[in-house]
Amino acid sequence: MTPEKQSPFLIKFSNIISNVLNPLFSLLIFFAFYSYYNSNGDFNIINFLLPIVIVIIPIFGWIFWNVKKGNYTNMDVSNRKQRNSLYLFNFIIISIYIAALFYTKQNFHYILIILFLLVLLVVMFISNFFIKSSMHTSFNIFVSALFFTLHPIYGFVWFFLTILVAISRVILKRHTVKEVIMGFIIATFISFVYLYFDINNH
């Protein structure tokens, strides 16, 4: 069934879910929540702005610039081969951010989060040589694990949203079911390892 023959409401709803919970926005939401959660109710604007300035804006700018130049087909970077350069750029940006966190002696738990985010990206990059695993699904699974460390209910709520994201990617024909499942498997494994480290460092 092509998108044109599907329910217009279903397509619109899938677009909203897919756009709002794309990897960058999902991380932004978590960073905002994490900054508030770990500041005793006083929102830490610096901890919130740093990942936006160092990570999110550069990555979004890179994608936008490459779409304008015609190097990327769309903002989702749906082409598997085109994704390789995006992964490499992400490695550089995340590595710079990690170095900045170590240099400024930030909270170890937060550094651990970013380190595992880098690990997730590396594994996704490797898998991309064989299958275009869903970044939307994998990142949101990881964000679910991050929320779970703050409170299990938060984690389960985000996990439910991730299921909607995964379904939306298939409905919009951005990914096949196999690609979504692969993203799910990769992120689930990385998330369990992260949770193990998190539990043993508290």
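If you read the sequence from its start, that first residue is 1, and numbering goes on from there. Any value given below was found using the heavy atoms of this structure, including those in side chains, with hydrogens, waters and symmetry copies removed.
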Practice problem: Rounded to the nearest 0.5 Å, what's the gap from CD1 on Ile57 to CD1 on Ile93? Could you check? | Solution: 11.5 Å
Self-check item: Separation of Leu117 CG from Leu27 CG (nearest 0.5 Å)
Solution: 6.0 Å
Exercise. Could you give me the CA-CA distance, side-chain angles and deciding distance for Ile113 and Tyr194, then say whether side chain to side chain contact (heavy atoms under 4.5 Å, CB included) is met?
Key: CA-CA 8 Å; Ile113 291 174; Tyr194 164 75; 3.4 Å; yes
Practice problem: Going by the ring pair (Phe, Tyr, Trp, His ring centres under 6.0 Å) test, name the single residue among Phe197, Phe142, Phe189 that passes it with Phe116. | Solution: Phe197
Restricting to side-chain hydrogen bond (donor to acceptor under 3.5 Å, both in side chains), what partner residues turn up for [X], sequence neighbours left out?
{"X": "Asn19", "result": "none"}
{"X": "Ser127", "result": "Ser133"}
{"X": "Thr73", "result": "Gln82"}
{"X": "Asn79", "result": "none"}

Exercise. Among residues two or more places apart or on two chains, list those pairs meeting salt bridge (charged side-chain N to carboxylate O under 4.0 Å, His left out) that have a residue in residues 150-169.
Key: Asp76-Arg169
Quiz item: Can you pull the salt bridge (charged side-chain N to carboxylate O under 4.0 Å, His left out) pairs that have at least one residue in residues 80-95, sequence neighbours excluded?
Solution: none
Looking only at heavy atoms, what is the nearest atom pair of [X] and [Y], with distance?
{"X": "Phe89", "Y": "Ile59", "result": "CE2-CA, 3.9 Å"}
{"X": "Ile114", "Y": "Ile94", "result": "CG2-CG2, 3.9 Å"}
{"X": "Pro58", "Y": "Val55", "result": "CD-O, 3.3 Å"}
{"X": "Ser14", "Y": "Ser168", "result": "O-CB, 3.6 Å"}

Quiz item: side chain to side chain contact (heavy atoms under 4.5 Å, CB included) between Leu161 and Leu21: does it pass, once the steps are laid out?
Solution: CA-CA 8 Å; Leu161 293 175; Leu21 297 181; 3.9 Å; yes
Quiz item: Which pairs pass side chain to side chain donor-acceptor pair (under 3.5 Å) with one or both residues in residues 55-64, sequence neighbours excluded?
Solution: Trp62-Tyr72
Quiz item: Which pairs, with at least one residue in residues 152-167 and sequence neighbours excluded, count as a side chain to side chain donor-acceptor pair (under 3.5 Å)?
Solution: Asn140-Trp158, Ser144-Thr162
Practice problem: Compute the centroid of each ring, for Phe147 and then for Phe30, and state whether the two points are separated by less than 6.0 Å. | Solution: yes
Self-check item: Members sharing Ile181's hydrophobic cluster (side chains within less than 4.5 Å)
Solution: Val170, Val177, Val180, Ile185
With heavy-atom distances below 4.5 Å as the criterion, would you say the side chains of [X] and [Y] are in contact?
{"X": "Leu120", "Y": "Met124", "answer": "yes"}
{"X": "Ser95", "Y": "Leu118", "answer": "yes"}
{"X": "Ser85", "Y": "Asn71", "answer": "no"}
{"X": "Tyr97", "Y": "Pro51", "answer": "yes"}

Quiz prompt | Qualifying residue, where the test is side-chain contact (heavy atoms from CB on, under 4.5 Å) with Ile190 and the options are Val122, Ile141, Val123 | solution = Val123
Quiz prompt | Listed partners of Ile16 passing side-chain contact (heavy atoms from CB on, under 4.5 Å), at least two apart | solution = Lys12, Val20
Exercise. Please name all residues satisfying side-chain contact (heavy atoms from CB on, under 4.5 Å) with Pro8, sequence neighbours left out, ordered by chain then number.
Key: none
Quiz item: Does any pair with a residue in residues 118-140 pass ring-ring contact (aromatic ring centres under 6.0 Å, His included), and if so which ones, sequence neighbours excluded?
Solution: Tyr87-Phe125, Phe91-Phe125, Phe125-Phe129
Quiz item: Leu28 and Leu24: side chain to side chain contact (heavy atoms under 4.5 Å, CB included), yes or no, with the steps?
Solution: CA-CA 6 Å; Leu28 177 61; Leu24 290 179; over 6 Å; no
Practice problem: Apply ring pair (Phe, Tyr, Trp, His ring centres under 6.0 Å) to Tyr34 and Tyr110, showing your working. | Solution: CA-CA 9 Å; Tyr34 184 87; Tyr110 185 73; 5.5 Å; yes
